[in-house]
Participant: 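Sharing a structure here in structure tokens format.
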There are 2 protein chains.
Amino acid sequence: MQSQHIVNAYDQELRKLHSYIAEMGGQAEQQLREAMQAIVTRDSDLAGKVVREDGLLDELERKVEAQTIRLLALRQPVACDLREVITALKAASNLERIGDFAANVAKRSLALQQMPEIGLTRSLGPLGQTAGEMLNAVVQAYLDDDVDGALRVRDRDEDLDRAYTALFRELLTYMMETPQRITACTHLLFAAKNLERIGDHATNIAEAVCFRIRGSLPEEERQKGDETSFAVVSPGILGDGPTR
Amino acid sequence: MQSQHIVNAYDQELRKLHSYIAEMGGQAEQQLREAMQAIVTRDSDLAGKVVREDGLLDELERKVEAQTIRLLALRQPVACDLREVITALKAASNLERIGDFAANVAKRSLALQQMPEIGLTRSLGPLGQTAGEMLNAVVQAYLDDDVDGALRVRDRDEDLDRAYTALFRELLTYMMETPQRITACTHLLFAAKNLERIGDHATNIAEAVCFRIRGSLPEEERQKGDETSFAVVSPGILGDGPTR
């Protein structure tokens, strides 16, 4: 009877932990969606809302930490429970960072609205879309104990990295052709980098889900598609320049 | 006797955990120092070494996770032990990210070496210096249970943010004046951003140290000196342009 009681209390606390992660995932998704809308449609009210609401994820992260402490206090920890806790803490930390990146996109959209519009801003859309889908899928995989779903998210990160690399090169070429747009393009570069980083954090969560369920990290080394750190782009180096 | 034995085993495991964090701190510091030397002196061998050795911190982070699991299995967790574990995990995760940022600086130095040298590269030096000092101090605060030391690291982050903002503006102005150096300047922008982010991660560790010792996060909201997300820099907007 005593044991039954303890297990029930534990399960209840575990469900609460999962509901916090679900809430954080939903909040991070919303911030990303609104930040993307703000930057693409130059909506300063929406951008302001995203910046103001960023603290919500910090608060939720603190709740997850407090909850993991309560949860473990309810029973002697064994390897699997500790993996549960470590994974929850990792997921919360990564979701909080994703919120920061979304808020930073919103901040940059406010700066961009003070400058003439640049067509390339719309090219952020597909990156934001992919990042948002990865985020949604990885939170679902977390909640469903779905290793295959988590591994699919991890695989998609390469696509996001490649899309980022392509946009990075386009932006650099555009900056060389249009130096008076350098400030705006720099904000777009950092906004694109933020979206690429959101993919990295979704991938971190995916790997943590695998760790929780299998007890080990995915073995194969992941292909990295982002080669921009090594990029050398010179005026005229790209045979067919963009026609903007 | 049994209890004595358990406490001793626990203390031993705790010391091992601390020694891993100390090792990670030392490794991250070395990577940062070498990456800075590589980018400022255009040393491709050293840059290659930093990139190759980045995996060491990933391995150490995994050891910290395994060690926290062993450590908690040794005794019924109470709030303080769990804070110890959470703090170790946070510190390890932040140190691993700091290593990533140092490796990214090294990667960018390899790209920069394929382009004509830019004088502003040397302006990264003071940022790297401040970031390195913060990193050293926060690992020391972690190992010494030193709240005041941790709070001093947190306060220094504002200086680093301001130095980053100043360099960001200088780089943008230089890009406008010298569009043929845009690619190089973009790498310098991201390298500077990496150093600014290292300061953020050192600050995260500082806050985790406060949380471990006091059981709560520092209360006062931290001043943020990095305003670059909102920056609007136009040609001629800065009265006295840099004279490079």
Side-chain angles (χ1 to χ4, degrees), chain A residues 51 62 65 68-73 75-79 81-83 85-86 89-90 93-94 97 100 103-108 110-112 114-115 168 171-173 175-180 182-187 189-191 193 200 204 211 217 227-235 237, chain B residues 51 58 62 65 68-70 72-73 75-79 81-83 85-86 89-90 93-94 97 100 103-108 110-112 114-115 168 171-173 175-180 182-187 189-191 193 200 204 211 217 227-235 237:
Chain A
V51 173
R62 271 178 232 132
E65 288 178 7
T68 55
I69 287 176
R70 262 201 303 278
L71 192 146
L72 279 186
R75 76 172 180 193
Q76 187 89 25
V78 296
D81 293 350
L82 280 164
R83 287 208 305 272
V85 167
I86 288 175
L89 290 170
K90 276 200 174 181
S93 156
N94 280 286
R97 288 296 302 142
D100 287 345
N104 194 265
V105 170
K107 281 182 194 172
R108 294 187 186 279
L110 290 171
L112 285 166
Q114 299 175 54
M115 305 168 205
F168 178 91
L171 279 166
L172 250 57
T173 306
M175 284 160 95
M176 288 168 196
E177 292 165 358
T178 328
Q180 66 275 24
I182 282 176
T183 302
C185 284
T186 301
H187 284 299
L189 273 177
F190 277 104
K193 183 73 190 166
D200 290 345
N204 289 348
F211 166 74
L217 288 170
E227 294 293 338
T228 60
S229 300
F230 297 110
V232 181
V233 179
S234 308
I237 210 172
Chain B
V51 174
D58 299 336
R62 271 177 234 135
E65 289 177 6
T68 56
I69 287 175
R70 260 200 305 277
L72 278 186
R75 75 173 182 192
Q76 187 91 23
V78 296
D81 293 350
L82 280 164
R83 288 209 304 273
V85 167
I86 288 174
L89 290 170
K90 277 200 172 180
S93 156
N94 280 286
R97 288 294 303 141
D100 287 345
N104 194 265
V105 169
K107 281 183 194 172
R108 292 186 188 280
L110 291 171
L112 284 166
Q114 299 174 55
M115 305 167 205
F168 177 91
L171 280 167
L172 250 56
T173 307
M175 284 159 94
M176 287 168 195
E177 292 165 358
T178 328
Q180 65 275 24
I182 281 174
T183 302
C185 285
T186 301
H187 285 299
L189 273 177
F190 277 104
K193 184 73 191 167
D200 289 345
N204 288 348
F211 167 75
L217 289 170
E227 294 293 339
T228 59
S229 300
F230 296 110
V232 181
V233 179
S234 308
I237 210 172

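For the numbers below, each heavy atom of this structure counts, side chains included, while hydrogens, waters and symmetry mates do not.
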Participant: For chain A, which candidate among A184(B), S229(B), A191(B) shows the most heavy-atom pairs at distances under 4.5 Å?
Facilitator: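 Highest number of pairs under 4.5 Å: S229(B).
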Participant: Is the closest side-chain heavy-atom distance between T228(B) and F190(A) below 4.5 Å?
Facilitator: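 Of all side-chain heavy-atom pairs linking F190(A) with T228(B), none is under 4.5 Å.
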Participant: Calculate, to the nearest 0.5 Å, the distance between atoms CD1 and OG belonging to I86(A) and S93(B) respectively.
Facilitator: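 Reported value, rounded in 0.5 Å steps: 12.0 Å.
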Participant: Let me confirm one number: the CG-OG1 distance from L172(A) to T186(B), rounded to the nearest 0.5 Å.
Facilitator: 4.0 Å
Participant: Among all residues two or more places apart in sequence or in another chain, which pass the salt bridge (Lys or Arg N to Asp or Glu O under 4.0 Å) test with K90(B)?
Facilitator: E65(A)
Participant: Is L110(A) close to chain B through its backbone or its side chain, or both, or neither, when contacts mean heavy atoms under 4.5 Å?
Facilitator: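 Contact with chain B involves the side chain of L110(A) alone.
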Participant: Measure the shortest side-chain to side-chain distance between T183(A) and M175(B) over non-hydrogen atoms and say whether it is less than 4.5 angstrom.
Facilitator: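 Heavy-atom side-chain distance check fails, nothing below 4.5 Å.
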Participant: Going by side chain to side chain donor-acceptor pair (under 3.5 Å), name the residues that satisfy it together with D100(A), two or more places apart in sequence or in a different chain.
Facilitator: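 Only R97(A) meet the side chain to side chain donor-acceptor pair (under 3.5 Å) criterion with D100(A).
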